[in-house]
Every structure is written in C-alpha cells, then in structure tokens.
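So the structure is just underneath, and the comments pick up after that.
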Amino acid sequence: MRKYPNPMNPCVVGVDVLDRSLDNQGRLHSHRLLSTEWGLPSIVKAILGTSRTLTYIEEHSVVDPVEKKMELCSTNITLTNLVSVDERLVYTPHPENPEKTVLTQEAIITVKGISLSSYLESLMASTISSNARKGWDAIEWIIQNSESALS
C-alpha cells in the first residue's frame with residue numbers, strides 16, 4: 001500500500017484512496033486512483049494525436065493475510081478511446097521457499113483505431129515489463145526503508 005511514491009518509478013505523481021475496507025474473511029480491499037506522468041516519446045504522441053501525458057489509472061487490490069497473497073488489478077481510465085491496458089499482478093509465497101515471493105504478471109494491451117497499432121502494443125508491453133522490474137525494486141526499497149525506520 002506504500003509502493004508510491006518511490007525513486008524507481010517517479011512517473012506516479014499521485015495516489016488517492018477512493019475506498020478501503022476489510023471483508024468478513026479479514027482481506028483488505030482497496031480502490032485507488034493513480035495519477036501518472038507517462039512521458040511518451042514524441043513519435044508515440046504524434047501517432048496517438050495527443051500531447052497529453054498526465055493519465056489516470058484505477059487500481060483494485062486485495063490483500064489476504066491468511067493466504068499471504070496480494071492481488072492488484074489496474075486499468076487506465078484516460079485515453080481509453082486509443083489505448084486500453086488491463087494489468088493483473090499477484091504476489092504469493094514461493095511454494096518451495098516461503099521466505100521468497102512469486103510475482104505473476106498479466107497484461108492485456110489494446111490499441112484502437114490508429115495506424116501502427118502493433119508497434120504501439122509492442123512498445124506498451126515492453127514498458128509494462130520494464131515497470132514490473134521497477135515495481136519489484138520499489139517494493140524492496142520500501143521494505144528496506146521501513147525496516148530502517150523501525151530500527
């Protein structure tokens with residue numbers, strides 16, 4: 001829940017919690033709005049026909065302390081007439097080493113009604129993959145900084 005802000009992914013410039021609650025099984029459900037500055041390359045801006053770089057992402061997460069599982073589902077709510085990105089991240093304990101965590105990532109990218117859509121889909125997939133590594137590094141950074149703050 002404290003993933004942002006972090007130095008590994010400065011494109012997230014704002015996080016607003018829209019709703020947060022516990023269900024009767026003790027799972028924490030959160031609904032957040034992320035404000036991001038994409039910093040799109042000028043060729044992509046030209047292809048999309050926009051100079052807009054501030055975008056919004058809706059994120060739903062469920063943290064299950066019993067299963068030791070966290071699931072995050074996010075989708076963009078800006079530029080959806082051009083690009084749609086639906087992403088799902090699931091963090092679970094490693095089946096053979098509970099001291100390690102397994103991250104499973106899925107993303108569906110759809111570029112609509114513009115030329116070079118396969119190029120843009122490939123570019124978006126590459127960016128998402130790169131951001132997954134940054135996200136993992138950010139979580140490590142948060143853990144380290146939380147531990148040092150507690151010491």
Side-chain angles (χ1 to χ4, degrees), residues 1-41 44-45 48 50 52-112 117-118 120-151:
M1 297 295 103
R2 296 181 306 182
K3 185 176 178 182
Y4 303 110
N6 71 68
M8 284 53 130
N9 198 339
C11 68
V12 177
V13 295
V15 178
D16 294 295
V17 176
L18 304 176
D19 186 46
R20 185 166 284 158
S21 62
L22 286 173
D23 65 18
N24 59 4
Q25 296 173 332
R27 295 178 300 195
L28 177 65
H29 294 260
S30 297
H31 181 198
R32 304 189 312 170
L33 180 67
L34 308 179
S35 305
T36 66
E37 189 66 48
W38 273 12
L40 297 172
V44 174
K45 290 179 193 174
L48 293 176
T50 183
R52 183 177 189 159
T53 58
L54 183 65
T55 58
Y56 299 97
I57 298 168
E58 184 177 28
E59 177 192 83
H60 293 271
S61 64
V62 179
V63 177
D64 186 332
V66 175
E67 297 288 326
K68 296 182 178 178
K69 175 181 174 182
M70 181 170 77
E71 182 173 347
L72 294 128
C73 295
S74 61
T75 187
N76 62 302
I77 56 175
T78 307
L79 301 174
T80 55
N81 60 320
L82 301 172
V83 179
S84 176
V85 180
D86 294 297
E87 185 177 27
R88 180 174 176 253
L89 302 171
V90 180
Y91 297 86
T92 55
H94 190 282
E96 297 166 9
N97 184 349
E99 296 299 313
K100 293 185 177 183
T101 301
V102 174
L103 166 60
T104 304
Q105 177 188 27
E106 303 168 340
I108 298 171
I109 304 162
T110 307
V111 178
K112 306 169 193 171
S117 62
S118 61
L120 286 175
E121 287 170 358
S122 174
L123 180 65
M124 296 288 292
S126 176
T127 301
I128 287 169
S129 180
S130 170
N131 284 344
R133 179 71 241 171
K134 290 178 187 174
W136 194 259
D137 291 343
I139 289 172
E140 291 290 330
W141 178 83
I142 291 161
I143 291 168
Q144 289 173 358
N145 283 294
S146 296
E147 288 174 352
S148 64
L150 296 173
S151 301

Are [X] and [Y] side-chain neighbours, meaning at least one heavy-atom pair lies under 4.5 Å?
{"X": "His60", "Y": "His29", "answer": "no"}
{"X": "Leu54", "Y": "Val13", "answer": "yes"}
{"X": "Ser30", "Y": "Val63", "answer": "no"}

**Asked** Ignoring hydrogens and geometry, is there a side-chain-to-backbone donor-acceptor pair from Asn76 to Val85 under 3.5 Å?
**Response**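 It does hold such a pair.
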
**Request:** Could you tell me whether a side-chain N or O of Thr36 sits under 3.5 Å from a main-chain N or O of Cys11, the two making a donor and an acceptor?
**Result:**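 Answer holds: no.
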
Find the distance between [atom1] ([X]) and [atom2] ([Y]) and round it off to the nearest 0.5 Å.
{"X": "Thr75", "Y": "Ile77", "atom1": "OG1", "atom2": "CD1", "answer": "8.5 Å"}
{"X": "His31", "Y": "Glu59", "atom1": "NE2", "atom2": "CD", "answer": "9.0 Å"}
{"X": "Leu89", "Y": "Ser74", "atom1": "CG", "atom2": "OG", "answer": "6.5 Å"}
{"X": "Leu28", "Y": "Ser21", "atom1": "CG", "atom2": "OG", "answer": "7.5 Å"}
{"X": "Lys69", "Y": "Thr104", "atom1": "NZ", "atom2": "OG1", "answer": "9.5 Å"}
{"X": "Thr78", "Y": "Tyr56", "atom1": "OG1", "atom2": "OH", "answer": "7.0 Å"}

**Request:** Might you point out which heavy atoms bring Asp86 and Ser84 nearest each other, and give the distance in Å?
**Result:**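 Reported closest heavy-atom pair: OD2-OG, 3.7 Å.
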
**Request:** Specify the closest pair of heavy atoms between Lys68 and Pro93, including all atoms of both residues, with the distance to one decimal.
**Result:**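 Taking Lys68 first and Pro93 second, the nearest heavy atoms are O-CD, 3.1 Å.
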
**Message:** Are more than 12 heavy atoms, taken from residues, nucleotides or ligands other than Leu33, located less than 6.0 Å from that residue's CG atom?
**Reply:**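 Yes.
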
**Request:** Just grab all the salt bridge (charged side-chain N to carboxylate O under 4.0 Å, His left out) pairs involving residues 88-102, residues at least two apart or on different chains.
**Result:**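 Found Glu71-Arg88, Arg88-Glu106.
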
